[in-house]
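Beneath this line is the structure, given in structure tokens, with notes to follow.
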Amino acid sequence: MKPGECDMSYKKSHEKVRWRRRIIPSILVILVAVIGVDYGKHWALKRVLEKEIEQSGGLISCQSICVSALPLLDNHLVLQNFHVNVPDIPIIVTQICLRQGWRDWQLAHIKGKDVKVAESAEVQDVQGILDTRDLAKRVKVSELLLQNIKVNLPLITLVGSRASFDFLYEMGTQHLTLKGDAPELSFTNGATFGLSGDGAIQTKDPIQGKMDLKIKNIDKMMKELVAAGVVEASQADLVTMGSNFLGKIGLHDISLPLKVQDGDVSLGPVVLFKLK
């Protein structure tokens with residue numbers, strides 16, 4: 001190798017070493033900054049939630065809220081023993097994890113475990129997307145997926161593997177807008193049916209509302225409601241005849257309104273049960 005070529009090779013090697021010495025600290029600085037931003041936005045959300053809980057006047061409570069910093073770049077909020085203390089229908093969630101994405105920090109991905117609504121419903125796993133804007137005024141959740149569901153209604157128990165919902169709850173007016181799909185629910189004897197639809201409910205006393213439902217296997221569902229004694233005796237014969245007729249003509253899917261009015265929960269013209 002000629003002297004000039006040797007000098008050139010040495011310079012290139014030296015430049016590579018200098019470049020490595022510069023790039024590695026730069027990468028570390030960027031990584032630390034990204035981690036700090038990710039942690040910071042979850043810390044900010046933690047402060048917002050703490051403030052909303054404090055100002056809820058006991059409506060919402062939580063044993064603890066903390067930011068989990070591990071693993072790196074997967075910071076998330078962990079809420080332990082979260083309670084919504086609504087009279088007659090309190091909601092309890094053993095653990096909720098909130099993870100804010102990078103594209104839109106105002107959307108937090110939710111994962112919840114062991115959800116209980118009074119004695120009426122249990123859900124093993126929940127996940128969805130919470131819009132954190134205006135939490136003091138509204139709660140908006142989309143793509144809410146419930147898995148392993150058990151619902152205890154007067155005289156009957158329903159179970160399902162999954163159901164999905166979108167809902168918006170306005171705090172001031174206590175107005176709930178709801179869209180849901182439970183494609184496969186079953187009674188304790190194994191008879192199955194499905195529900196999907198949307199509507200709105202006014203949750204302040206007295207509760208009023210309506211949902212337009214599409215019901216799969218309505219003939220099977222109504223027969224079970226009659227057998228369990230959910231349908232009032234005065235309507236039982238009529239409902240049984242209607243269910244048999246629907247089965248004979250092969251009409252298993254039908255749309256009906258589910259109404260809550262004057263303390264009664266009714267499906268079409270049939271009163272199912274009364275609210276407390």
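Here the CD atom belonging to Q95 is positioned 11.0 Å from the CD atom belonging to Q63, to the nearest 0.5 angstrom. Atom CG of L49 sits about 6.0 Å away from atom CG of L79, to the nearest 0.5 Å. Atom CG of L176 and atom CG of L168 lie 8.0 Å apart (nearest 0.5 Å). One finds the CG atom of D134 at 9.0 Å from the CD atom of E170 (value rounded to the nearest 0.5 Å). Here C97 contributes atom SG and Q80 contributes atom CD; the two are 8.0 Å apart, rounded to the nearest 0.5 Å. Atom CG of L107 is separated from atom NZ of K140 by 8.5 Å, given to the nearest 0.5 angstrom.
Every pair passing ring pair (Phe, Tyr, Trp, His ring centres under 6.0 Å) that includes a residue from residues 185-224 is listed here, sequence neighbours excluded: F187-F193.
P206 places a side-chain heavy atom less than 4.5 Å from the side chain of Q208. Looking at heavy atoms from C-beta onward, C62 lies out of side-chain contact with N81 at the 4.5 angstrom threshold. In this structure, I129 and L144 have side chains that are not in contact, with every pair of non-hydrogen atoms separated by 4.5 Å or more. In this structure the side chain of T192 never reaches within 4.5 angstrom of the side chain of L185, judged on heavy atoms. Considering only heavy atoms from C-beta on, L178 comes within 4.5 Å of F165 through its side chain. Residues K51 and I53 fail the side-chain proximity criterion, which asks for heavy atoms closer than 4.5 Å.
A donor-acceptor contact shorter than 3.5 Å links the side chain of D166 to the backbone of E143. In this structure, S120 contributes its side chain and V117 its backbone to a donor-acceptor pair below 3.5 Å. Between the side chain of N189 and the backbone N or O of A191, at least one donor-acceptor pair lies under 3.5 Å.
The shortest heavy-atom contact between S68 and V78 is CB-CG2, 4.2 Å. Between Q100 and A108 the shortest heavy-atom distance is CG-CB, 4.1 Å. The two residues I207 and V260 make their nearest non-hydrogen contact at O-CG1, 3.6 Å. Between K210 and P257, the shortest heavy-atom distance links the atoms CE-CB, 3.7 Å. Looking at every heavy atom in both residues, S196 comes nearest to D181 through CB-OD1, 3.4 Å. The two residues V93 and G112 come nearest to each other via the heavy atoms CG1-CA, 4.4 Å.
The environment of K116 atom NZ is sparse: at most 12 non-hydrogen atoms of other residues, nucleotides or ligands sit within 6.0 angstrom. Remark: R133 CZ is packed, more than 12 non-hydrogen atoms of other residues, nucleotides or ligands lying under 6.0 Å away. The neighbour count for Q55 CD, taken as heavy atoms of other residues, nucleotides or ligands under 6.0 Å away, is above 12.
The closest side-chain donor-acceptor pair between T203 and Y169 falls under 3.5 angstrom. Looking only at atom types and distance, the side chain of D131 has no donor-acceptor partner in the side chain of Q106 under 3.5 Å away.
Looking at D38 and R99, a side-chain N of the basic residue comes within less than 4.0 Å of a carboxylate O on the acidic one, giving a salt bridge. Using a 4.0 Å cut-off between a side-chain N of Lys or Arg and a carboxylate O of Asp or Glu, K46 and E50 qualify as a salt bridge.
By the rule that hydrophobic residues join a cluster once side-chain heavy atoms approach within less than 4.5 Å of another member, I65 and V139 end up as members of one cluster. One hydrophobic cluster holds both I91 and V126 under the rule that ILVMFWY side chains link at heavy-atom gaps under 4.5 Å. Hydrophobic clustering of Ile, Leu, Val, Met, Phe, Trp and Tyr side chains at less than 4.5 Å, counting indirect connections, unites I254 with L267. Residues I92 and I96 do not share a hydrophobic cluster, clusters being chains of Ile/Leu/Val/Met/Phe/Trp/Tyr side chains in contact below 4.5 Å. Under the 4.5 Å side-chain contact rule for hydrophobic residues, V48 and I60 share a cluster.
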query: After noting the C-alpha distance and the side-chain angles of L77 and C66, does the key distance pass the side-chain contact (heavy atoms from CB on, under 4.5 Å) rule?
result: CA-CA 6 Å; L77 275 182; C66 65; over 6 Å; no

message: Does D212 form a side-chain contact (heavy atoms from CB on, under 4.5 Å) with L258? I'd like the steps, not just the answer.
response: CA-CA 6 Å; D212 293 315; L258 178 69; over 6 Å; no

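Partners of F167 according to the ring pair (Phe, Tyr, Trp, His ring centres under 6.0 Å) rule, which considers only residues two or more places apart in sequence or in another chain, do not exist here.
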Taking only distance into account, with no hydrogens and no angle test, what donor-acceptor pairs under 3.5 Å do side-chain atoms of residues 147-163 form with protein atoms, sequence neighbours excluded?
unit_1, atom_1, unit_2, atom_2, d
N148, ND2, Q124, OE1, 2.8
N152, OD1, T157, OG1, 3.2
N152, ND2, E119, O, 3.3

